[in-house]
Amino acid sequence: MSCLEVSGLGHRYSRDVILEHIDLCVPEGAIYAFLGPNGAGKTTTLRLILGLLTVQVGRICVFGQRLDTDRIAILAKVGSMIEGPSSYDHLSARDNLEVSRRIHRCPASRIDEVLKLVGLRGTGSKKVRQFSLGMKQRLAIGTALLHSPKLLVLDEPTNGLDADGMIEMRHLLAGLNREHGTTILISSHLLAEVGKLATHVGVISGGRMVFEGTIDQLGSRAPPTVRLSTSDDPRAATILAAAGIESQFVHGKIVVPAMSADSVADVNRQLVESGIGVHDIGIARRDLESLYTELIGVRA
Ligand code: ATP
């Protein structure tokens with residue numbers, strides 16, 4: 001079942017068209033990475049999904065309910081952090097959570113649970129102004145989690161974090177998804193930040209969706225190849241062609257379509273038996289980052 005379905009979403013800021021016919025589907029239990037370069041329209045889309053902007057064109061359904069008619073019921077099941085963490089700087093993590101707990105009317109016991117979940121139990125009376133950015137991000141996520149939402153929407157939660165902070169964030173989100181079944185929609189402009197975590201990917205560029213699918217579907221857009229370097233590449237290419245294998249030269253290597261491990265061994269044997277030294281032979285998989293940069297129209 002899908003947790004979130006967006007269809008035909010468009011948006012303008014005065015005369016500027018920002019989003020054009022966005023379709024998006026987040027399956028229940030997914031970690032969906034919503035990727036795109038700066039200014040692509042990610043935050044605008046997320047603000048529309050959360051009812052922070054009025055939908056001009058299109059339809060948004062969350063848990064099978066329509067946002068335009070069931071907004072309150074939907075938002076009771078959604079937690080979010082949009083455009084950076086915001087907390088009361090002069091209060092501790094616990095006191096910040098207490099403020100939100102009263103708004104959400106959650107049981108008092110939920111505060112300790114959330115502090116533990118986001119790894120802030122040891123911060124005691126330390127004020128948020130003394131927190132690192134990573135701690136502030138975790139507190140903001142904790143606040144979003146207080147009412148045990150089924151869907152968590154996070155806008156660039158790794159922005160500004162150092163490598164350790166990003167790893168911590170990934171562990172936190174993976175744990176939430178695994179242990180609590182929380183569906184997570186997370187935006188980022190860097191695939192590397194969320195690619196390891198995500199089960200599904202949506203790519204937006206210039207206000208249009210340019211890809212949506214699973215991580216494996218993204219990978220399958222560029223099938224693996226076999227790359228070789230030999231003592232005599234032109235002659236090797238002729239031998240391959242005689243065996244019915246088309247080859248190309250890319251970055252000083254012979255590149256042929258993917259084949260089974262046994263076929264790779266056969267090719268190797270044929271070349272060696274023809275007196276050609278095979279310096280290097282192996283299956284090469286294109287990395288997701290270069291696929292992503294191609295999708296958003298940036299040269300890798
Ligand atoms: P970033 O990663 O930089 O936050 P984004 O993908 O989240 O980018 P948006 O913040 O949705 O992109 O912005 C999309 C476009 O809409 C940008 O061109 C931005 O300048 C424009 N925009 C955003 N908010 C407004 C606004 N309130 N009024 C007018 N234009 C806006």
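Residue numbers run from 1 in the order of the sequence given.
With contacts defined as side-chain heavy-atom distances shorter than 4.5 Å, the pair Lys77/Gln65 qualifies. Contact check for Leu24 versus Val26: side-chain heavy atoms found under the 4.5 Å cut-off.
Ion pairing between a basic and an acidic side chain is recognised when a charged N comes within 4.0 Å of a carboxylate O; Arg221 and Glu294 show no such pairing. Between Glu98 and Arg102 there is a salt bridge, since a side-chain N of the basic residue sits under 4.0 Å from a carboxylate O of the acidic one. In summary, Lys116 and Glu113 do not engage in a salt bridge, as defined by a charged side-chain N under 4.0 Å from a carboxylate O.
Figure legend: cation-pi geometry between Lys150 and Phe63, with NZ or CZ positioned under 6.0 Å from the six-membered ring centre and within 45° of its axis.
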Checking side chain to side chain contact (heavy atoms under 4.5 Å, CB included) for the pair Thr230/Arg235: CA distance, chi angles, key distance, verdict? CA-CA 9 Å; Thr230 70; Arg235 202 156 75 82; over 6 Å; no
TODO: Determine, stepwise, if the pair Asp233 / Lys253 fulfils side chain to side chain contact (heavy atoms under 4.5 Å, CB included).
DONE: CA-CA 8 Å; Asp233 286 346; Lys253 288 205 168 197; over 6 Å; no
Exercise. Run the numbers on Thr45 and Phe34 for side chain to side chain contact (heavy atoms under 4.5 Å, CB included), then give the verdict.
Key: CA-CA 10 Å; Thr45 307; Phe34 188 37; 3.7 Å; yes
Worked verdict on Thr199 versus Thr214 for side chain to side chain contact (heavy atoms under 4.5 Å, CB included): CA-CA 6 Å; Thr199 54; Thr214 61; over 6 Å; no
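The aromatic rings of His90 and Tyr88 sit perpendicular to each other, their planes meeting at more than 60°, with 30° as the lower class boundary.
Checked by atom type and distance alone, the side chain of Ser132 pairs as donor or acceptor with a backbone atom of Met135 at under 3.5 Å. In this structure, the side chain of Ser247 does not engage the main chain of Val255 through any donor-acceptor pair within 3.5 Å. At least one donor-acceptor pair under 3.5 Å links the side chain of Arg71 to the backbone N or O of Gly51. Looking at His104, its side chain never comes within 3.5 Å of a backbone N or O of Thr143 through a donor-acceptor pair. A donor-acceptor pair under 3.5 Å is formed between the side chain of Gln137 and the backbone N or O of Pro157. When atom types are taken as modelled, the side chain of Arg138 and the backbone of Gly119 share a donor-acceptor pair closer than 3.5 angstrom. At least one donor-acceptor pair closer than 3.5 Å links the side chain of Ser188 to the backbone N or O of Leu190.
Inspection of the Ser2 and Glu5 side chains reveals an N or O donor paired with an N or O acceptor under 3.5 Å.
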